[in-house]
2 protein chains.
Amino acid sequence: MPAPARTSTTAVVTAGRTIVEREGLAGLTMQAVADAVGVRAPSLYKRVRDRAALVRLIADDLAAELADQLDLAATTGDPVLDLRAVASAFRAFAHANPTAYPLLFDPRPGPSPEALDRSSAAVLAVAAALAGEDRALPAARTFVAWATGFVSMELAGAFQLGGEVEEAWEYGVSLMAESLRPQATD
Amino acid sequence: MPAPARTSTTAVVTAGRTIVEREGLAGLTMQAVADAVGVRAPSLYKRVRDRAALVRLIADDLAAELADQLDLAATTGDPVLDLRAVASAFRAFAHANPTAYPLLFDPRPGPSPEALDRSSAAVLAVAAALAGEDRALPAARTFVAWATGFVSMELAGAFQLGGEVEEAWEYGVSLMAESLRPQATD
DNA sequence: ACCTGAACACCGTTCAAGT
DNA sequence: ACCTGAACACCGTTCAAGT
């Protein structure tokens, strides 16, 4: 006499991600998720330990999708073009998921380290090609720091002083592409 | 027969900021703030419109203090040294306020635009000296994007792959100092 | 094995009543 | 003018009882 499963963890995570994107993190109530998957709120606890765990799963889902997009972007083999492509793909992903995107970098819940690692693989590869193997890690971190910082500020509306956001992005991309070389730091 | 004020907006904001720093944003309950200032929770609504407004005031308080620190840091007149000093001061501020710091850049509440502007004044001045007046804005945005991104990732623990965080910071600071020049982007 | 209603503790907020 | 207790709606979570 077992009761048939009326939902699944993936359905819960997908519904949760949609809600976060539409209503913000504050709108992610267990009630709203339960309604979306057609179940009562207490049943969700058969799928996720608690709300915090659900947020982490959503962050993992985002990180996995971002990793796919970045892998797809770096394909030419030319380090400078690949760097520009990765940067554009990253920014496009953030623009496509403006509300949920901060989950990727907020300390609070944060995706699992493994999920983040997968996302950084493409960047590490480009950084190695551009800056050299021995400088790959600091070069990648500098690039990722700039890209995440830029997009976060852009989405937060911190650039309202002047409309030339595209100019600032292009300036930064060019600076990264031209400066991420071994001799640039000595 | 007026009742004497038993607290003040600044006391509420200060107490709130302490609580955020100690317990995280989730620990910032109206109850906890009320306890800290010695009043009942409903009385707080004579000082702040609601919890969201309190969070914004805390963010403003942080932004003002950060602006002070950055102004204090850029004093040598040498653009490269000033840039390094501003970068260090920014990072030191974040390390001193690791839990509350994200409030400065989170879209959710965010400090008022004016408070943010004051914080960026010192950076804009250094960027103008370094990159030239006509490139000051994109140069400042690139620098701020890198610095905020780096510190956010550092505080979020996203750098756990290798302990060489200092190396990555030094690499980034040097890259910024050497690359934020007009010819670097053409 | 999963689902549910009922219940609990907690939280933000409002408001009438006090001084 | 500010403070308070009481009350409301809402939320996360637990659990015994159903199938």
Side-chain angles (χ1 to χ4, degrees), chain A residues 1-61 99-100 102-103 106-110, chain B residues 1-61 99-100 102-103 106-110:
Chain A
M1 289 73 192
R6 238 163 282 199
T7 185
S8 66
T9 304
T10 48
V12 167
V13 172
T14 302
R17 184 172 155 184
T18 302
I19 292 170
V20 169
E21 195 51 64
R22 278 212 290 247
E23 323 275 357
L25 191 55
L28 183 78
T29 66
M30 300 302 269
Q31 266 293 352
V33 175
D35 286 353
V37 300
V39 103
R40 304 287 177 170
S43 299
L44 297 177
Y45 293 82
K46 288 283 165 183
R47 309 295 169 188
V48 295
R49 180 207 277 265
D50 53 23
R51 184 180 178 276
L54 173 57
V55 174
R56 254 174 260 121
L57 288 175
I58 294 172
D60 280 353
D61 193 54
T99 309
L103 289 186
D106 273 7
R108 273 75 64 96
Chain B
M1 290 77 193
R6 237 163 283 198
T7 184
S8 66
T9 304
T10 48
V12 168
V13 173
T14 303
R17 185 171 154 184
T18 302
I19 292 170
V20 169
E21 195 49 66
R22 278 213 290 248
E23 323 276 356
L25 191 55
L28 184 78
T29 68
M30 300 303 268
Q31 266 294 350
V33 175
D35 287 352
V37 301
V39 102
R40 303 288 176 170
S43 299
L44 296 177
Y45 293 82
K46 288 284 165 183
R47 309 295 169 188
V48 295
R49 179 206 277 266
D50 53 22
R51 184 180 178 276
L54 174 56
V55 174
R56 255 175 259 120
L57 288 175
I58 294 172
D60 280 353
D61 193 54
T99 309
L103 289 185
D106 272 10
R108 272 76 65 96

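Proteins get letters first, then strands, A, B, ... in listed order; numbering begins at 1 in each.
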query: Considering residues at least two apart in sequence or located in another chain, which fulfil the side chain to side chain contact (heavy atoms under 4.5 Å, CB included) criterion with A:Ser8?
result: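 A:Ser8: side chain to side chain contact (heavy atoms under 4.5 Å, CB included) contacts with A:Thr10, A:Ala11.
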Of residues 34-46 of chain B, the positions that come close to DNA chain C - non-hydrogen atoms, cut-off under 4.0 Å: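 Here the set is B:Pro42, B:Tyr45.
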- prompt: Going by number, which of residues 5-27 of chain A have a non-hydrogen atom under 4.0 Å from DNA chain C?
  reply: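 Close to the strand are A:Ala5, A:Arg6, A:Thr7.
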query: Which is true for A:Arg49 with a 4.0 Å heavy-atom rule: it touches a base, it touches only sugar-phosphate, or it touches nothing?
result: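 Nothing: the residue A:Arg49, judged by heavy atoms under 4.0 Å, touches no strand.
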message: Give me the stems containing DNA chain C, sorted by first residue, counting only three or more consecutive Watson-Crick or G-U pairs with both distances under 3.5 Å; say none if there aren't any.
response: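 Only these stems qualify: C:4-8 with D:12-16, C:12-16 with D:4-8.
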- prompt: Mind checking whether A:Leu44 and A:Val37 have side chains closer than 4.5 Å, heavy atoms only?
  reply: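 Counting from C-beta outward, A:Leu44 and A:Val37 do come under 4.5 Å.
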message: Please find the pair of heavy atoms, one from A:Ala36 and one from A:Ala15, that lie closest to each other, and give the distance.
response: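 Shortest heavy-atom contact: CB-CB, 3.9 Å.
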- prompt: For B:Thr99 and B:Pro102, which heavy atoms make the closest approach, and how far apart are they?
  reply: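 The pair with the smallest heavy-atom distance is O-CD, 3.1 Å.
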query: If you look only at pairs with a residue in residues 17-39 of chain B, which of them pass as a salt bridge (charged side-chain N to carboxylate O under 4.0 Å, His left out), with sequence neighbours excluded?
result: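 Counting only pairs at least two positions apart or across chains, the salt bridge (charged side-chain N to carboxylate O under 4.0 Å, His left out) contacts touching residues 17-39 of chain B are B:Arg17-B:Asp61, B:Arg17-B:Glu65.
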message: Taking salt bridge (charged side-chain N to carboxylate O under 4.0 Å, His left out) as the cut-off, I'd like each qualifying pair that reaches into residues 38-49 of chain A, sequence neighbours left out, listed once.
response: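 Listed once each, the pairs would be none.
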query: Counting just side-chain N and O atoms, does A:Arg47 come under 4.0 Å of either OP1 or OP2 of C:dC3?
result: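 Yes, because at least one side-chain N or O of A:Arg47 sits under 4.0 Å from OP1 or OP2 of C:dC3.
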All N/O pairs under 3.5 Å across the protein-nucleotides 7-11 of chain D interface:
none

What pairs of donor and acceptor atoms, side-chain ones from residues 50-60 of chain A against any protein atom, are under 3.5 angstrom apart with sequence neighbours left out?
| unit_1 | atom_1 | unit_2 | atom_2 | d |
| --- | --- | --- | --- | --- |
| A:Asp50 | OD1 | A:Ala52 | N | 3.3 |
| A:Asp50 | OD1 | A:Ala53 | N | 3.0 |
| A:Arg51 | NE | A:Leu28 | O | 2.9 |
| A:Arg51 | NH2 | A:Leu25 | O | 2.9 |
| A:Arg51 | NH2 | A:Leu28 | O | 3.4 |
| A:Asp60 | OD1 | A:Ser112 | N | 2.7 |
| A:Asp60 | OD1 | A:Ser112 | OG | 3.3 |

